[in-house]
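Down below is the structure, laid out as structure tokens.
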Protein chains: 2
Amino acid sequence: MSINHAILGILSWKPATGYELKKIFVESSIMYWSGNNNQIYKSLSHLLNEGLVGSEVVHQDGSPSKKIYTITDAGVKSLKEWVSSTPELPEIKNTFLVQFAWADLLSDQELNDLILSYEIELKAHLIMEKEIARRTLHNPDRNPREKAIWELISENIVSSYDQELKWVQEVRRRLLEDNNNGRKIYELPN
Amino acid sequence: MSINHAILGILSWKPATGYELKKIFVESSIMYWSGNNNQIYKSLSHLLNEGLVGSEVVHQDGSPSKKIYTITDAGVKSLKEWVSSTPELPEIKNTFLVQFAWADLLSDQELNDLILSYEIELKAHLIMEKEIARRTLHNPDRNPREKAIWELISENIVSSYDQELKWVQEVRRRLLEDNNNGRKIYELPN
DNA sequence: TGTCTCATGTAAGGGGTTACATGATTCC
DNA sequence: GGAATCATGTAACCCCTTACATGAGACA
């Protein structure tokens, strides 16, 4: 998938400017990548060339002029085609796991610090995701089917970070617990 | 993190050629991205310039000559620094969720097909990941701490795909179950 | 005075993919 | 005869990030 599809999707809700699209991307949990000017403005002019969106320039006094983009029938058709195309697997790029893979280079103290800082970041992020989910859920313009869909999307995101947090806590428990009194240093699983 | 760190990590186990590195990347679950020639050979010549690896050309008859890369002391130092640096959050780019966000454009039949094809892909991938995990685990060259680390890494990966599979099954249950007999169409959670 | 919001864009560069090129040997 | 393995590399091209440029009005 590319940013083009995501933009068509957002424009299928309502017309928007590049600036508004950017805000939606940045605040989104599922499309947070792509939230930068370069791609958005490039993609918009590309979609315009392809006839998938139309644009109208609106002059304002006080603020700069803006270009409002609207999805065309061809755009809706292209969006629907993409939505029903065979999905890809999620791409999980967890660089902490790569660091952790060579964590035996570290002392117990350094390893503890590493795990702890990951845990702290995860906790903060999880709170943020829950807040985004909470805000996303009460949107009155949705039919019951759409409501169910967005509920499931939020559950997916929150539970993935939640699971990662549980995992890192398990890591700490297994690798570091009782290191100081020397009873069971590396407790292995059943 | 960049591919440079991952290459240094692999070379910290034992010297290797670009070709061997590529195989390790491709077969790996945590570094499967980056398994392409372009990056590997570029990165190797960059690491060589920086003095983090050394190389030795070995001529063979029957096969092409190869360059065996070895990590230097500076390389080990740089690796250790990176390993103990503050970790990043995982980057999850789940394009299925973006498709799913606009799934209300689809009929029940089309939505069912979409969900089912995602489920099938996930199942196949999960089997593969479990197989990789199984093979990864019995490595005799590891001390107890390293064993525990790799066990935890495998658990992380398998459980993340496992959870995704459970989620998609829950999606199907909530959105599509009993659609045909019309009793409860979109059952909402408690 | 400085920062924030609105608003559109460009420049430079890193990261990553797919495909191609070469060429001998081995296996089916 | 065709594909796979070993082995190094290049070319063209997306995707994506960070930073910069411009410029008015609002707010502290």
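In what follows, every chain begins at residue 1, and chains take the letters A, B, ... in the order their sequences are listed. None of the values given here were measured: they were computed from a predicted structure.
Membership of an apolar cluster is not assigned to Ile127(B), as no side-chain contact below 4.5 Å to another ILVMFWY residue is traced. Here Met128(B) sits in one hydrophobic cluster together with Ile132(B); the rule is ILVMFWY side chains under 4.5 Å apart, joined directly or through other members.
Within a 6.0 Å radius of CG in Asn143(B), more than 12 heavy atoms belonging to other residues, nucleotides or ligands are found. Within a 6.0 Å sphere centred on CG of Asn139(A), other residues, nucleotides and ligands contribute more than 12 heavy atoms.
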Exercise for review: Do nucleotides 21-26 of chain C as a string where each nucleotide becomes B, S or -: B if the base has a protein heavy atom under 4.0 Å, S if just the sugar-phosphate does, - if no protein is that close.
Suggested key: --B-S-
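To the nearest 0.5 Å, atom CG of residue Leu165(B) and atom OG of residue Ser160(B) are 11.5 Å apart. Going from atom OG1 of Thr72(B) over to atom CD of Glu50(B) covers 10.5 Å, rounded to the nearest 0.5 Å.
Residues Asn36(A) and Lys22(A) are not in side-chain contact: their nearest non-hydrogen atoms beyond the backbone lie 4.5 Å or more apart.
A donor N or O paired with an acceptor N or O is not found under 3.5 Å between the base of dT10(D) and the side-chain atoms of Asn38(B).
Formation of a donor-acceptor pair under 3.5 Å by the Ser34(B) side chain with backbone atoms of Met31(B) is not found in this model.
Counting to the nearest Å, the C1' atom of dA12(D) and the CG atom of Asn36(B) are 13 Å from each other. In this structure, Leu44(A) atom CG and dT10(C) atom P are separated by 12 Å, rounded to whole Å. The CE atom of Met31(A) sits 13 Å away from the P atom of dT17(D) (whole-angstrom rounding). Atom CD in Glu56(B) sits about 13 Å away from atom P in dT8(D), given to the nearest Å. As a whole-Å value, the separation of Glu91(B) CD from dC15(D) P is 16 Å. The separation between Ile7(A) atom CD1 and dC15(D) atom C1' is 13 Å, rounded to whole Å. As a whole-Å value, the separation of Tyr41(A) OH from dC20(D) P is 18 Å. Between Gln60(A) atom CD and dT8(C) atom C1' the separation is 12 Å, expressed in whole Å.
When heavy atoms are screened at a 4.0 angstrom cut-off, Lys42(B) is found touching no nucleic acid atom at all. Across all strands shown, Lys93(B) has heavy atoms under 4.0 Å from sugar-phosphate atoms exclusively, and none from any base. Residue Lys23(B) is in sugar-phosphate contact alone, with no base atom involved, counting any heavy-atom pair closer than 4.0 Å across all strands shown.
Of the listed nucleotides (dT17(C), dA7(C), dT17(D)), dT17(D) has the atom at the smallest distance from the side chain of Gln39(A). Of all nucleotides listed (dA7(D), dG9(D), dC16(D)), dG9(D) comes nearest to the side chain of Lys67(B).
For the OP1/OP2 pair of dG15(C) and a distance below 4.0 Å, the side-chain nitrogens and oxygens of Ser34(B) include no atom meeting the criterion. Contact check, Thr17(A) against dT8(C): a side-chain N or O comes under 4.0 Å of OP1 or OP2.
Screening residues 51-75 of chain A for ring pair (Phe, Tyr, Trp, His ring centres under 6.0 Å) gives no qualifying pairs among residues at least two apart or on separate chains. Contacts classified as ring pair (Phe, Tyr, Trp, His ring centres under 6.0 Å) and involving residues 96-129 of chain A (residues at least two apart or in different chains) are given here: Phe96(A)-Phe100(A), Phe96(A)-Tyr118(A), Phe100(A)-Trp167(A), Trp102(A)-Trp13(B), His125(A)-Tyr161(A).
In the helix from dT1(C)-dA28(D) to dC28(C)-dG1(D), the rotation axis of the first five pairs and that of the last five pairs differ in direction by 30°, rounded to 10 degrees.
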